[in-house]
Amino acid sequence: MKTTSIPRTRSAPIDMPADEFRSVGHALVDKIADFLSTIRQRPVTPAEPPSHVKAVLNSDTPLPESGRDAGQVVSRAADLLFDHSLFNSHPRFLGYITSSAAPIGMLGDLLAAATNPNLGSWTLAPMASEIESQTIRWLAELIGYPEPRGGLLVSGGTMANFVGLLAARAAKVPWDVRKLGLNHPSAKHLRIYTSAETHTWIQKAADCFGFGTDNIRWIPTDDRQRLDVVALRKAIDADLAHGDHPFLVIGTAGSVSTGATDPLREIAAVCRDYDLWFHVDGAYGGLAAGIAGAPEDLKGLSMADSVAIDPHKWLYAPLEAGAVLVRNPEDLRNAFSYHPPYYHFDEEVLNYVDYGMQNSRGFRALKVWLALQQVGREGYARMIEDDIRLAGAMFDAMHKHPEMEAVTHELSITTFRFVPEDLREGVGSEPIETYLNDLNKELLTALERSGEAFVSPATVKGRFLLRACIVNFRTSLEDIEALPEIVSRLGRRVDAEMRAEKLAS
Ligand SMILES: *Cc1c(COP(=O)(O)O)cnc(C)c1O
């Protein structure tokens, strides 16, 4: 082995002298500013096949043996990403529930990385911990979640919902579940109640945390995809009669497919009557609960024991930022806290390690905190209202167009489908419905590939629909009004290619 002397003064290859950091950083900021100002002129996505993306990257290149100039590495990364990405910050990106990223959030992530606080413990992150705590309080105020309360930032809605579920488990399972786990004769009788419109996080959670998906009771919905509270009571009564252990009911505030909100107040009353934990998945719609025209049901999230919200959705925070709020902060400590001998943390202060699943934690709160100050409650109310009104305008525009069928509009989600004029009469009957499903599926793919606009799918009452969700502060009426023509032009093309083969006349 070669022996080298220990350097007396260190010049590590990963360090960057201040001048170099300045010039590489300034060049990057310039590139990002140019990218943001030209985003509208770019396609939403280049829609390149994986083989092409791999080739552009030279994905087979082995691990570099020696280092390269930092400026070149960073500059190449920016070029690769700007030229070969799907841009959810594009004004015509209306897919899934993925928002355009707030520029101030980009700076926030840079600053967070620069100070690099570890928010597991207050000692390791004094100011950052207090900023996170203030962020949680402001988020609660924004959505009208009353005191007392606590919570923390997590990676997203799925994790926020997981935390809510684990708090419910510790609080309501009638044995020491943290010690015995599900190794208890009654474990298979634990019951979770929710509707089939609930985001798939619940299956993941029931599976990952050992309950099993069979322990979920799927409660039917009404014709607006809202949980049926009468059916909920019946299901709980039936389970109790069988000796089961109901412990958790989940309500959705803004469902992922159509934006529907469950009757949260009524669900809260059921949970009170039966002493069950009430968790609200408000990952998307929860953030609209505080605005003037919010649906009455949405405000019922104030009655929940825990609420999941996603600042990386309707607060336009860059990924990742989810948050969970709880009525009683002790419920989080009761679900997560341990005190190993190798931590020297002051018990009197806020050590987030005691409140959630992570140990070392990054400073996700900063980008959210900055944006809350940049725009205030008023700014968010205006942007969220505009998104909702644009979704309404989209519904109207689709309704007016002779080849479009507008189907639902809730919050900022509108669903619709393409129906060729000569097939209008056949809507609701077979084989036309099956054909329309096939046609709209192909049309969705064609639209994605076009890069002209981006929407995602929803299935409502067996119908395959296109779905636009506007959580995008760059989308304007002009973008909305352009959509019916873009979709019908591609729809006609796809119909011409498919009709003869798929629909024998
Ligand atoms: C987006 C969403 C989730 C999942 O959130 P992630 O941030 O993607 O993990 C859960 N529930 C609802 C209602 C959502 O809209």
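Remember, it's 1-based here, ligands and their atoms both numbered in the order they're listed. The figures here come from the full heavy-atom set of this structure, side chains too, leaving out hydrogens, waters and symmetry mates.
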Q. Is any side-chain N of the basic residue among Glu141 and Arg137 closer than 4.0 Å to the acidic one's carboxylate O?
A.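 Between Arg137 and Glu141 there is a salt bridge, with a charged N closer than 4.0 Å to a carboxylate O.
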
### Message
A cation-pi test, strictly: NZ or CZ of Lys313 under 6.0 Å from the centre of the six-membered ring of Tyr284 and no more than 45 degrees from its axis. Yes or no?
### Response
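The answer is no; the distance or angle limit is not met.
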
- Specify whether Tyr380 and Tyr316 have parallel, tilted or perpendicular ring planes, treating 30° as the upper limit for parallel and 60° as the lower limit for perpendicular.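 Because their plane-to-plane angle is under 30°, the rings of Tyr380 and Tyr316 count as parallel.
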
For His279, the option from Asp305, Asn161, Thr194 that meets side-chain hydrogen bond (donor to acceptor under 3.5 Å, both in side chains) =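 Checked Asp305, Asn161, Thr194 against His279; only one passes side-chain hydrogen bond (donor to acceptor under 3.5 Å, both in side chains): Asn161.
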
Contact residues of ligand 1, where a non-hydrogen atom lies under 4.0 Å away: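 Its neighbours under 4.0 Å (heavy atoms only) are Ile97, Gly156, Gly157, Thr158, Asn161, His199, Trp201, Gly254, Asp281, Ala283, Tyr284, Asp310, His312, Lys313, given by chain and number.
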
Are Tyr96 and Asn88 linked by a side-chain donor-acceptor pair shorter than 3.5 Å?
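Result is no, nothing qualifies.
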
Original post:
Would you say the ring centroid of Tyr193 lies under 6.0 angstrom from that of Tyr274?
Top reply: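 Aromatic pair excluded; centres sit 6.0 Å or further apart.
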
